[in-house]
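See structure below.
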Amino acid sequence: MSTSTTAGAPQAPAAGRRPRKTTSAPTGTDRIPKPSQGWYRVPGTDLKLRRVTTILSTGFPKPQLVFWAANLTAQDALANLPRLVAASLNPADKEETYDWLRKGHIRKKDERAEIGGAVHDVIEAHVLGQPIPESFLTDEEIAPFVENFLRFVQEWEIEFEASEMVVGNLTDGWAGTLDYLFRSRPIAHLLGVPPQTLFVGDTKTGGELDEKGVYPEAGAQMSAYRRAEVAWLRDGTQIPMPKVHDTGIVLHLRPEGFRVMPLKCGDDVYAVFQHAQAIAEFQRVLSKSVVGDALALPNIEERAA
């Protein structure tokens, strides 16, 4: 199914008004689609492609997040009992403290997003052959991630082909930004494929090593990137999506170490992604009109008539 949309046809200018100036075709990096409010708009066209991460967040059930948020709230409550008790006796503080407690999972997600963003900046700098910013190397929280990432590159003989590359499927109506494409002789050997096999890769920085932090939907995300039809280079050139293997690699990167996790991302997993896409589209459009107004029996006079 497709969730791409096309903007309505432009209207003719009203009588007596000058027609709008036509804009020149996008050039260079302006040709690369950019995410906005759950969509990627293809520059120079009216085509909008649904964002892969939006599809997954809407179309995939995530019961583990409910328990995670509940556990985090319980931990915050126990760690701040005096504050909570004091606030419960003071109406002026009660609402503010209640709001602080219920938003604990949002604060935690923001902290993780900050670390994850820094890690992706490190990877992008490395792929481009640029020096890693000094601020990352001296930051006590981020530096261990950097060290373990560089170990991963060296020990697994990683040869990057692309990073932070926008890809899309114009037929199925979605687009996204993959973390990186790479080759690795040791990984290829372990998977029994040719040394020059190209893999799609993703980095996860949450959870705990060997316990949690890498979930099956990551395979669904990489299955979409694998089935992309087109990709955009850094200069804005649109090219056919390179052929990648049907096993993707997640680098689970933590301060205490890292793990190299193979995830299936073949056509069977992509079929599941498409189911999620259909559910996400239901939530976006059809769900708003499924439930009608409550029915009411007419009064006695109307029934008699």
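Leu128 is not connected to Leu251 by any chain of hydrophobic side-chain contacts under 4.5 Å among Ile, Leu, Val, Met, Phe, Trp and Tyr, and they are in different clusters. Under the 4.5 Å side-chain heavy-atom criterion for grouping Ile, Leu, Val, Met, Phe, Trp and Tyr, Ile158 is connected to Val193 within one hydrophobic cluster. Val250 and Leu209 fall into different hydrophobic clusters, defined by Ile, Leu, Val, Met, Phe, Trp and Tyr side-chain heavy atoms under 4.5 Å apart, directly or through other members. Residues Val52 and Leu263 share a hydrophobic cluster, clusters being chains of Ile/Leu/Val/Met/Phe/Trp/Tyr side chains in contact below 4.5 Å. Residue Val269 is not grouped with residue Val167 when hydrophobic side chains (ILVMFWY) are merged at heavy-atom distances under 4.5 angstrom, including chains of intermediate members.
Within a 6.0 Å radius of CD in Gln154, no more than 12 heavy atoms belonging to other residues, nucleotides or ligands are found.
Exactly one of Asp267, Asp202, Asp268 qualifies for a salt bridge (Lys or Arg N to Asp or Glu O under 4.0 Å) with Arg226. That residue is Asp267.
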Handout entry: Verdict with supporting geometry, Phe258 and Trp156, side-chain contact (heavy atoms from CB on, under 4.5 Å)
Key = CA-CA 12 Å; Phe258 67 90; Trp156 290 86; 3.7 Å; yes

Exercise for the section: Just do the side-chain contact (heavy atoms from CB on, under 4.5 Å) check on Glu164 and His120 with the steps written out, would you? Expected result: CA-CA 8 Å; Glu164 300 298 319; His120 282 80; 3.2 Å; yes

Exercise for the section: Check step by step if side-chain hydrogen bond (donor to acceptor under 3.5 Å, both in side chains) holds for Gln221 and Thr53. Expected result: CA-CA 7 Å; Gln221 182 176 1; Thr53 52; over 6 Å; no

Exercise for the section: Using the side-chain contact (heavy atoms from CB on, under 4.5 Å) rule, take Leu150 and His126 through it: C-alpha gap first, then chi angles, then the decisive distance, then the call. Expected result: CA-CA 9 Å; Leu150 295 177; His126 182 86; 4.0 Å; yes

Practice task
Could you walk me through whether Phe136 and Val119 pass side-chain contact (heavy atoms from CB on, under 4.5 Å), step by step?
Solution key: CA-CA 9 Å; Phe136 293 156; Val119 170; over 6 Å; no

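Of the possible polar contacts, none joining the Ser163 side chain to the Val127 backbone as a donor-acceptor pair under 3.5 Å is found. The backbone N or O of Thr29 sits nowhere less than 3.5 Å from a side-chain atom of Asp235 that would complete a donor-acceptor pair. Asp139 places no side-chain N or O within donor-acceptor distance of the main-chain N or O of Ser135, the cut-off being under 3.5 Å. Side chain of Thr138 to backbone of Glu134: a donor-acceptor contact under 3.5 angstrom is found. Between the Glu229 side chain and the Leu170 main chain, a donor and an acceptor come within less than 3.5 Å of each other.
Judged by a 6.0 Å distance limit and a 45° cone about the ring axis, Arg50 is positioned over the six-membered ring of Trp39.
Using a 4.0 Å cut-off between a side-chain N of Lys or Arg and a carboxylate O of Asp or Glu, Arg254 and Glu211 do not qualify as a salt bridge. Note on Asp246 versus Lys264: no salt bridge recorded, every NZ/NE/NH1/NH2 to OD/OE distance being 4.0 Å or above.
Residues Phe149 and Leu253 come closest through the heavy atom pair N-CD1, 3.6 Å. Nearest heavy-atom pair across Cys265 and Gly219 is CB-O, 3.5 Å. Considering all non-hydrogen atoms of both residues, Gln277 and Asp172 come closest at NE2-O, 2.8 Å. Nearest heavy atoms, Phe273 versus Ser223: CB-OG, 4.0 Å. The minimum heavy-atom distance linking Thr203 with Ile123 is given by the pair OG1-CD1, 3.4 Å. Between Pro242 and Leu181, the shortest heavy-atom contact is CG-CD1, 4.2 Å.
Side-chain contact between Val214 and His252 is present, with heavy atoms from C-beta onward closer than 4.5 Å. Within the 4.5 Å cutoff, no side-chain heavy atoms of Lys48 are placed close to those of Tyr40. Residues Ile279 and Thr58 form no side-chain contact, since every pair of their non-hydrogen atoms from C-beta on lies 4.5 Å or further apart. With a 4.5 Å cut-off on side-chain heavy atoms, Arg51 and Ser57 do not count as touching. No side-chain heavy atom of His245 sits less than 4.5 Å from a side-chain heavy atom of Leu198. The shortest distance between side-chain heavy atoms of Leu49 and Pro33 does not fall below 4.5 Å.
Separation of atoms CZ (Arg227) and CD (Gln274) is listed at 6.5 Å; rounding is to 0.5 Å. A distance of 10.5 Å separates CD1 in Ile32 from CE in Met165, rounded to the nearest 0.5 Å. For the atom pair CZ (Phe145) and CD (Glu256), the distance works out to 7.5 Å, reported to the nearest 0.5 Å. From Thr247, atom OG1 reaches atom CE of Met222 across 9.0 Å, with rounding to the nearest 0.5 Å. Separation of atoms CZ (Phe160) and OG (Ser184) is listed at 10.0 Å; rounding is to 0.5 Å. Arg183 contributes atom CZ, which lies 8.0 Å from atom CD of Glu159 (distance to the nearest 0.5 angstrom).
The aromatic rings of Phe182 and Tyr180 lie perpendicular to each other, with more than 60° between the two planes, well past the 30° mark.
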